[in-house]
Number of protein chains: 2
Amino acid sequence: MALDHAILVSLLERPGSGYELARRFERSIGHFWTATHQQIYRVLGRMVTDGLLLVREVEQQGRPDKKEYSVTGPGRAALAVWLHKPIEPESLRHDLAVKIRGAAFDDPAALIAEVERHRQVHRDRLAHYLAGELRDFTGPDAPAPQDAGQELQHVVLRGGIAYERMTIAWLDDVLATLHRLEAAGPGA
Amino acid sequence: MALDHAILVSLLERPGSGYELARRFERSIGHFWTATHQQIYRVLGRMVTDGLLLVREVEQQGRPDKKEYSVTGPGRAALAVWLHKPIEPESLRHDLAVKIRGAAFDDPAALIAEVERHRQVHRDRLAHYLAGELRDFTGPDAPAPQDAGQELQHVVLRGGIAYERMTIAWLDDVLATLHRLEAAGPGA
DNA sequence: TCCTTCTATGCAACTCGTTGCATAGACAAG
DNA sequence: CTTGTCTATGCAACGAGTTGCATAGAAGGA
């Protein structure tokens, strides 16, 4: 039930609406968690019922009203409990890796375009993360490091950057392998 | 529904029972997919019903009988269809990253032991992958590269190795950050 | 005026995945 | 001869996550 905790962390960093959370989850926070708006709305409702969050109706001009959520004392306590409980190291589910192994039973060369497309997505994500890092942490206009939260957000972002760099390098390796197999001929 | 396809690939590489699949998924294949035995048994049953797999009762000595599954023509065709369909680049769900950002609202130093534990797990996984690479691909006793399947399995394994190396380096970065915050004092 | 886009929220149905439990044969240790 | 471990399969219940659909206010362009 880690979506609950991801929501608690995000709302502690800054209160917001379900819609805003959904955008955070698909943008900046995208490098460590994902969730659709339907899932977020449902969990937000449950967390309010459980007393972990507070809702506040906010009237807006030029756009529909929204509900702003913030974390209550019990919500913060629930997060603290989770933070002190050990978690299982994550395990990956990487569809593309399944495809690559599966290509042995089809045409490996047919995968080249697909792998190139994925590499481009990861290049774009890397550029996005690097721009965010420059803006928020290392650039001339970035605020001076003052609190632990900023340092911790930065180290998580560095993780995202390292992940994208590693992935791009690996996809280059995959492409080189696919080209080698193509040159060796389909019968080899 | 990518578990279906992961099972098809694994059974094409070598037919086996549900139990064997579960062990493959938690061991060698663990670096690109995970699944519990309950999930595997359920999906195997459905895939037989759908005509994608064949079952064969195998009597064994010294252990209970098993059901060996293998891929049918339609199963192979279903895999080929999926291989030619583009997939979404994966997105991560990294609980530990949520914890690290959440630590800003608790005691960052309390996370050090947890992060060190995760680093150890990733060191162990890396050692396991490297041993497998030496045994199956780069060692003196490894079979000479002959077919595409072997090359593709190797490049996926290299991906797992790169992932573990990247993760260990990042966790070192996280630990350095946590120690810096601890030295700066809880009030900083 | 109508159409599209962006903001904003939500229901219903379904599939995927996890957890707990249950069974059972074979072997080894005590 | 009981207990524990490994192999082997499976059900039932629940919770997590996805997909499709629906609504609605406000802005801007055709």
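Within every chain, numbering begins at 1; the chains are lettered A, B, ... in the order of the sequence lines, protein sequences first and strands thereafter. Reckoned from all heavy atoms, side chains included, excluding hydrogens, waters and symmetry mates.
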> Does a side-chain N or O from B:Tyr41 land closer than 4.0 Å to OP1 or OP2 of D:dG10, or not?
Replying inline: no
> Taking all atoms of both residues into account, what is the closest heavy-atom pair of B:His84 and A:Ala110, and its distance?
Replying inline: CE1-CB, 3.9 Å
>> Rounded to the nearest 0.5 Å, what separates atom CG in B:Leu111 from atom CD in B:Glu182?
In response: 11.5 Å
> Can you tell me how far P of D:dG17 sits from CD of B:Glu88, to the nearest Å?
Replying inline: 18 Å
>> Just verifying a value: how many Å separate B:Ser10 OG and B:Trp33 CH2, rounded to the nearest 0.5 Å?
In response: 13.0 Å
>> Rounding to an integer number of Å, can you tell me how far A:Glu20 CD sits from C:dT9 C1'?
In response: 13 Å
> What is the distance from NE2 of A:His5 to P of D:dA16, rounded to the nearest Å?
Replying inline: 10 Å
>> Measure CD1/A:Ile40 against P/C:dA8 and give the value in whole Å, please.
In response: 14 Å
>> Between B:Ser70 and B:Arg56, is there a side-chain donor-acceptor contact under 3.5 Å, judged purely by atom types and distance?
In response: no
> Do B:Asp65 and B:Val58 come within less than 4.5 Å of each other through their side chains, counting heavy atoms only?
Replying inline: no
> Atom CZ of A:Phe25 to atom C1' of D:dA16: distance rounded to whole Å?
Replying inline: 14 Å
>> Please give me every residue in residues 57-67 of chain A whose heavy atoms get under 4.0 Å of an atom in DNA chain D, ordered by residue number.
In response: A:Gly62, A:Arg63, A:Pro64
> With side chains defined as the heavy atoms from C-beta onward, is the minimum distance between A:Leu130 and A:Arg165 less than 4.5 Å?
Replying inline: yes
>> Is a donor from one side chain sitting under 3.5 angstrom from an acceptor on the other, for A:His154 and A:Asp136?
In response: no
>> Tell me the interatomic distance from B:Gln38, atom CD, to C:dA22, atom P, rounded to whole angstroms.
In response: 14 Å
Show the distances under 3.5 angstrom between N or O atoms of the protein and N or O atoms of nucleotides 15-17 of chain C.
residue, atom, partner, partner atom, Å
C:dG17, OP1, A:Arg93, NH1, 2.9
C:dG17, OP2, B:Gln39, NE2, 2.8
C:dG17, O5', B:Gln39, NE2, 3.3
C:dG17, N7, B:Arg42, NH1, 3.2

> So which heavy atom on A:Ala78 is nearest to which on A:Leu52, and how close?
Replying inline: CB-CD2, 4.1 Å
>> In whole Å, I'd like the distance from the CZ atom of B:Arg23 to the C1' atom of D:dC6.
In response: 9 Å
> Nearest-Å distance, CZ (B:Arg24) to C1' (D:dA8)?
Replying inline: 15 Å
> If we ignore angles and hydrogens, is there a donor and acceptor under 3.5 Å between the side chains of B:His5 and A:Asp95?
Replying inline: no
> Within the pair A:Tyr19 and C:dT7, is there a side-chain N or O less than 4.0 Å away from OP1 or OP2?
Replying inline: yes
> OP1 or OP2 of C:dT9 sitting under 4.0 Å from any side-chain N/O of A:Ser17?
Replying inline: yes
